[in-house]
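Contents: one structure, followed by commentary.
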Amino acid sequence: GKSTLLETIFNIKLPTATGTCTKCPIVIKSKNINLKEKKYKLESDNIIEEIDEENICERIKDLQNIHTQYGNLVSNKEIILQIEGSDLLDITIVDLPGIIHDGEKDVETIQDTIKKYIKQDNTLILVVNPATSDEELNTAQKLAKTFDDKKKRTMTIYTKCDILDTHMITKEEKEKKCKKINDADNTHAVICKNKDGINYNEKYELTILEKYNISEEKSGINNLKKKLENTFCELIKVNAPEFEKNIVEKIYKCKEDLSKLGERNKEKSEIVRDIKNIFLKEFNKKELKQYFMKFKELIKIE
């Protein structure tokens with residue numbers, strides 16, 4: 001339900017289907033700007049194109065097919081979707097391929113791709129689970145725990161929560177799951193589509209979650225949007241001192257490298273002067289000076 005969740009958050013159409021529908025990292029860069037109409041751009045392999053909203057899904061499918069045309073199920077090449085509009089979040093969310101368990105090469109590519117993004121301390125990890133999943137066996141949870149053992153930057157989002165009301169789920173199982181959502185830190189419950197596959201309906205979503213006694217702050221897409229922005233802001237605040245330290249260190253390193261290279265290309269006469277001084281210092285012979293003077297004049301003529 002990852003892609004369906006992002007569809008609902010950003011109100012756009014993304015590739016969704018049973019099986020692996022996200023075949024590349026899809027980076028959604030959302031920016032809140034006061035515009036009459038939303039603007040969309042797609043970028044892949046350093047090629048940027050403006051695109052209409054209704055063509056986004058098919059174009060992403062095309063790009064994914066290009067990146068996986070040599071037989072691989074997935075690729076680590078990014079597809080970047082830039083969205084600007086007046087009703088959007090100021091946030092960047094990366095939709096990563098879902099974890100699979102068959103096909104050694106593809107399993108490795110997916111896990112390596114996921115690790116590349118979630119290992120960064122300034123990244124908020126969103127683990128998206130169907131409400132009925134067994135978390136003890138959930139590979140995504142285990143992977144997130146590897147890089148965020150104390151779950152300080154991991155949020156678990158439970159999708160398809162209305163399926164807790166089916167005859168296959170016992171009352172005890174449902175109560176246990178609802179209690180977990182209420183009691184655990186950084187959890188949230190949503191229903192992006194109802195169990196008949198009909199698109200997002202806020203009233204339906206909140207009615208079902210209220211019936212389950214899931215707290216209001218942990219319920220629904222709109223509350224999730226607020227939570228994502230606020231949680232990410234808090235993460236930035238926590239990491240700001242380390243960011244500043246890293247930036248200062250990088251600036252110092254760049255200045256150090258620049259001092260060795262020189263801030264500009266030297267003139268020919270300067271290069272000759274530096275060579276002359278090196279030789280004079282090393283050999284300390286007066287006759288070298290005459291040769292360098294002659295060499296300098298020849299350089300000027302050339």
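Note that these values count all heavy atoms, side chains included, but never hydrogens, waters or copies made by symmetry. One-based numbering along the sequence shown.
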Which pairs pass salt bridge (Lys or Arg N to Asp or Glu O under 4.0 Å) with one or both residues in residues 42-70, sequence neighbours excluded?
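Sorted result for residues 42-70: Asp45-Lys77, Glu49-Arg59, Glu58-Lys61.
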I'd like to know if the side chain of [X] and the backbone of [Y] have a donor-acceptor N/O pair within less than 3.5 Å.
X: Glu78; Y: Pro25; answer: no
X: Asp90; Y: Asn32; answer: yes
X: Asn213; Y: Cys178; answer: no
X: Asp148; Y: Ala144; answer: no
X: Lys29; Y: Ile80; answer: no

Output, in order, the C-alpha distance, side-chain angles, deciding distance and verdict of side chain to side chain contact (heavy atoms under 4.5 Å, CB included) for Thr146 and Lys119.
CA-CA 9 Å; Thr146 302; Lys119 71 181 180 182; over 6 Å; no
Within a radius of less than 6.0 Å around CD of Glu256, do more than 12 heavy atoms belonging to other residues, nucleotides or ligands occur?
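Yes.
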Tell me if the NZ atom of Lys160 is crowded by more than 12 foreign heavy atoms within 6.0 Å.
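Result for NZ/Lys160: open.
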So that I can tick it off, tell me whether [Y] and [X] are bridged by a salt bridge, with the cut-off set at under 4.0 angstrom between side-chain N and carboxylate O.
X: Glu234; Y: Lys237; result: yes
X: Asp257; Y: Lys253; result: yes
X: Asp87; Y: Lys38; result: yes

Inter-residue atom distance Ile251.CD1 - Leu258.CG, 0.5 Å rounding
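One finds 12.5 Å between CD1 of Ile251 and CG of Leu258.
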From CG (Asn223) to CG (Leu209), nearest 0.5 Å
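Asn223 atom CG to Leu209 atom CG measures 10.0 Å (nearest 0.5 Å).
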In terms of side-chain heavy atoms, does Gln141 have a donor or acceptor partner in Thr156 at a distance below 3.5 Å?
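Yes - a donor-acceptor pair under 3.5 Å links their side chains.
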Go through the side-chain N and O atoms of Asp95 and Ser3 and say whether any donor and acceptor fall under 3.5 Å apart.
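Result is yes, a qualifying pair exists.
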Would you check, one step at a time, whether the test side chain to side chain contact (heavy atoms under 4.5 Å, CB included) holds for Tyr204 with Ile208?
CA-CA 6 Å; Tyr204 171 81; Ile208 296 292; 4.0 Å; yes
Set of residues satisfying side chain to side chain contact (heavy atoms under 4.5 Å, CB included) with respect to Asn182, sequence neighbours excluded:
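Checked Asn182 against side chain to side chain contact (heavy atoms under 4.5 Å, CB included); matches are Ile214, Ser215.
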